[in-house]
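The block underneath contains the structure these notes are about, expressed in structure tokens.
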Amino acid sequence: MSQGLGLDKLDQRGAATEATEPPGATPAPSGSRKPGGDVRETLYFALRNPKVVIGSVVVLAFLLLGLLGPLFLKFAPMDYAGPPMAPPSADFPFGTTTFGQDVFAQFVAGLRSTFLVGLLGGGVAAVIGMAIGFVAGYRGGLIDELLNMLTNVVLVIPGFVVLIIINAYLGVRSVPMQALYIGVFSWPWVARAVRAQTLSLRSRDFIDLARLSGVGVGTILRREVAPNMYSYLFMTFVLLFGGSILTAASLDFIGLGPTNAMSLGLMMNQAVQWSALHLGLWWWFIPPGLGITLIVGSLYIMNVGLDEVFNPKLREM
Amino acid sequence: MRGYLARKTVIYGLTFVVAVTLNWLIPRLMPGDPVQRMVARAAVQHPETIAAMTAYYEQTFGLDLPLWQQYLNYWAALFRGDLGTSVWLFPAPVAQVVLDAVPYTLGIMIPAILLSFVVGNSVGAMAARSRWLDNVALPVGYLITAMPYMWLAILLAWGFGVALGWFPVAGGYDFGMVPQWSWAFAGDLLQHWVLPFLSLFLVSLGGWAIGMRNLIIYELESDYANYLSALGAPKRLVRQYAFRNAMLPQITGLALQLGTILGGALVTEIVFAYPGLGKLVLSAIQNQDFFLLQGTLLFVVIGVLLANFVIDIVYVLVDPRTRTGLTGATA
């Protein structure tokens with residue numbers, strides 16, 4: 001669902017080596033046994049990895065701007081605040097639109113929707129994908145067969161197209177609803193990757209031991225299987241987060257975005273609609289796209305860094 | 001091999017049924033009534049005229065039947081190649097409107113996909129394990145991949161179209177020209193094609209490069225690569241083997257990416273007002289022409305399924321494991 005291929009790096013490896021052990025992301029079995037020391041060690045290497053540090057600083061900076069920015073603004077995003085088509089100035093740092101709306105106010109409000117869509121859309125997709133992947137991989141048999149079929153069907157359906165239909169007909173007009181629908185159609189690759197990993201963990205000794213002790217399937221999945229993939233699951237969520245943002249931006253740009261909120265995609269939609277390109281109002285259409293690019297790009301780069309943190313083999317290189 | 005293709009066919013068949021059903025179902029869950037809207041658009045006051053028009057439209061679109069019959073009719077019409085009648089361009093059949101737009105979309109999509117796949121994979125293979133190239137190519141690749149399709153399209157249109165004036169920024173051909181078989185028209189067509197193509201090509205490029213780089217690194221760590229180097233095989237040869245193995249997941253990735261690239265093509269067309277399917281989707285949404293929207297999107301779904309099938313056949317050709325019944329990829 002996401003256009004970022006950084007995402008498929010993990011998925012493709014999963015697809016290529018399904019049933020065998022997926023590389024890189026499978027941590028050492030000892031990982032879950034001493035969580036305290038593990039966290040400290042991870043933090044130690046994460047803070048010394050330039051990719052992780054730079055990536056997270058950029059993302060956090062935008063997050064803070066989105067959260068705190070509106071408190072200091074004089075105008076609401078849609079207010080006719082100043083002179084029309086004014087270039088960036090001290091009063092209007094990003095200039096104004098054809099109607100004299102403050103582009104900076106719109107940008108800051110758009111950042112909020114962007115993070116909300118990423119968080120909710122990515123979260124929904126991660127929960128669905130992991131649930132299906134864990135169950136399919138661990139239970140096997142007929143359940144696996146059925147869930148696999150479901151995964152493959154949703155995988156092949158062009159999700160963007162279904163989202164267009166849903167948004168156009170059902171009038172999805174709030175950011176959380178949009179995020180929910182995006183999440184519902186972007187989980188399949190997660191399910192496949194998680195299933196492949198679960199499959200490889202299932203036959204390990206410590207899982208057998210847990211089974212012998214008589215605890216339920218849910219507990220085994222939660223306490224024995226999942227902790228061994230925490231690093232992988234976290235990276236998956238980061239990629240889903242970025243993917244949801246990009247999908248939402250495309251939908252907003254087509255004009256299927258929220259009507260009661262501002263978003264970065266909607267800004268680009270309005271800029272093109274009111275011919276900002278021909279009028280040369282670059283300050284109207286550059287910030288929203290640049291914002292998305294920087295946020296999503298930083299997430300991807302942060303993920304590469306995290307890969308190195310979690311996987312000592314890559315770290316040494 | 002037969003088992004592999006049979007499995008795929010079942011999945012695609014099932015997907016097709018699900019997609020068609022969704023396409024039929026979602027509009028019927030919609031609040032509001034398209035017929036009422038159409039009647040309202042005619043702006044007549046006379047109640048008898050309104051009743052007659054409502055009845056006429058309902059019959060034309062088959063909305064006066066019970067639901068199950070509408071569903072069956074939908075399938076029957078689909079197999080006749082009948083996607084309904086456009087409301088916006090009434091009375092043009094949707095199938096005709098869509099078929100007129102398809103060449104434009106395919107014209108930018110196919111070259112962009114193939115070229116970005118080839119170039120991206122080559123760059124990625126070169127960048128792997130080459131520190132200098134890697135340090136440049138990797139961050140650039142990630143940033144390009146993170147760009148929203150329409151933003152790059154907007155930047156290109158603004159830079160090369162408006163500011164420099166090298167290329168036209170709107171339409172599939174000059175508004176003053178009539179489509180015909182002539183050199184002048186072909187040249188004009190090409191000029192309008194460059195920017196949408198370039199934009200789609202560039203966004204897809206980074207992803208392939210990054211994917212290939214990561215896969216090559218992973219392949220170079222594998223046993224066969226170590227064994228080959230231990231035997232004293234030249235680095236070039238080892239990398240060639242790694243490349244061929246890394247190609248397989250990339251081909252699977254291409255199938256997975258089709259839907260996304262298509263979404264990218266749709267928004268790119270909208271930026272350039274390119275007369276393909278994307279513009280059709282936009283017009284359909286703006287004019288609330290749901291029959292056109294549905295027809296266009298159904299056509300897109302069928303296209304993606306067919307392309308997936310073609311990629312699967314290519315996969316069988318390049319991966320001998322699928323032929324001998326070993327499970328290569330279970331995509």
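- With a 4.5 angstrom heavy-atom cutoff, B:Leu297 touches chain A via backbone and side-chain atoms both.
- Looking at B:Met147 and A:Leu246, their side chains never come closer than 4.5 Å, going by heavy atoms from C-beta outward.
- Looking at A:Ile286, both its backbone and its side chain come within 4.5 Å of chain B, counting heavy atoms on both sides.
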Checking A:Phe160 against B:Thr260 for the side chain to side chain contact (heavy atoms under 4.5 Å, CB included) test, could you report, in this order, the C-alpha distance in whole Å, the side-chain angles of both residues, the deciding distance, and whether it holds? CA-CA 7 Å; A:Phe160 189 63; B:Thr260 313; over 6 Å; no

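- B:Leu258 does not touch chain A: none of its heavy atoms, backbone or side chain, sits under 4.5 Å away.
- Only the side chain of B:Val162 comes within less than 4.5 Å of a heavy atom in chain A; its backbone stays farther off.
- In this structure, the portion of B:Ile285 lying under 4.5 Å from any heavy atom of chain A is its side chain and not its backbone.
- Residue B:Leu293 comes nearest to A:Ala168 through the heavy atom pair CD2-CB, 3.6 Å, listed as atom of the first residue, atom of the second, then distance.
- Nearest heavy atoms, A:Gly289 versus B:Pro148: O-CD, 4.1 Å.
- One N or O on the side chain of B:Trp151 and one on the backbone of A:Phe285 form a donor-acceptor pair closer than 3.5 Å.
- Considering only heavy-atom pairs separated by less than 4.5 Å from chain B, the leading option among A:Ile254, A:Val272, A:Thr151 is A:Ile254.
- For the side-chain contact (heavy atoms from CB on, under 4.5 Å) with B:Thr15, the lone residue among A:Asn152, A:Val154, A:Val153 that qualifies is A:Val153.
- When heavy atoms are compared at a cutoff of 4.5 Å, B:Leu143 approaches chain A by way of both its backbone and its side chain.
- For B:Ile261, no part lies under 4.5 angstrom from a heavy atom of chain A.
- Considering every non-hydrogen atom in both A:Phe253 and B:Val267, the closest pair reads CE2-O, 3.8 Å.
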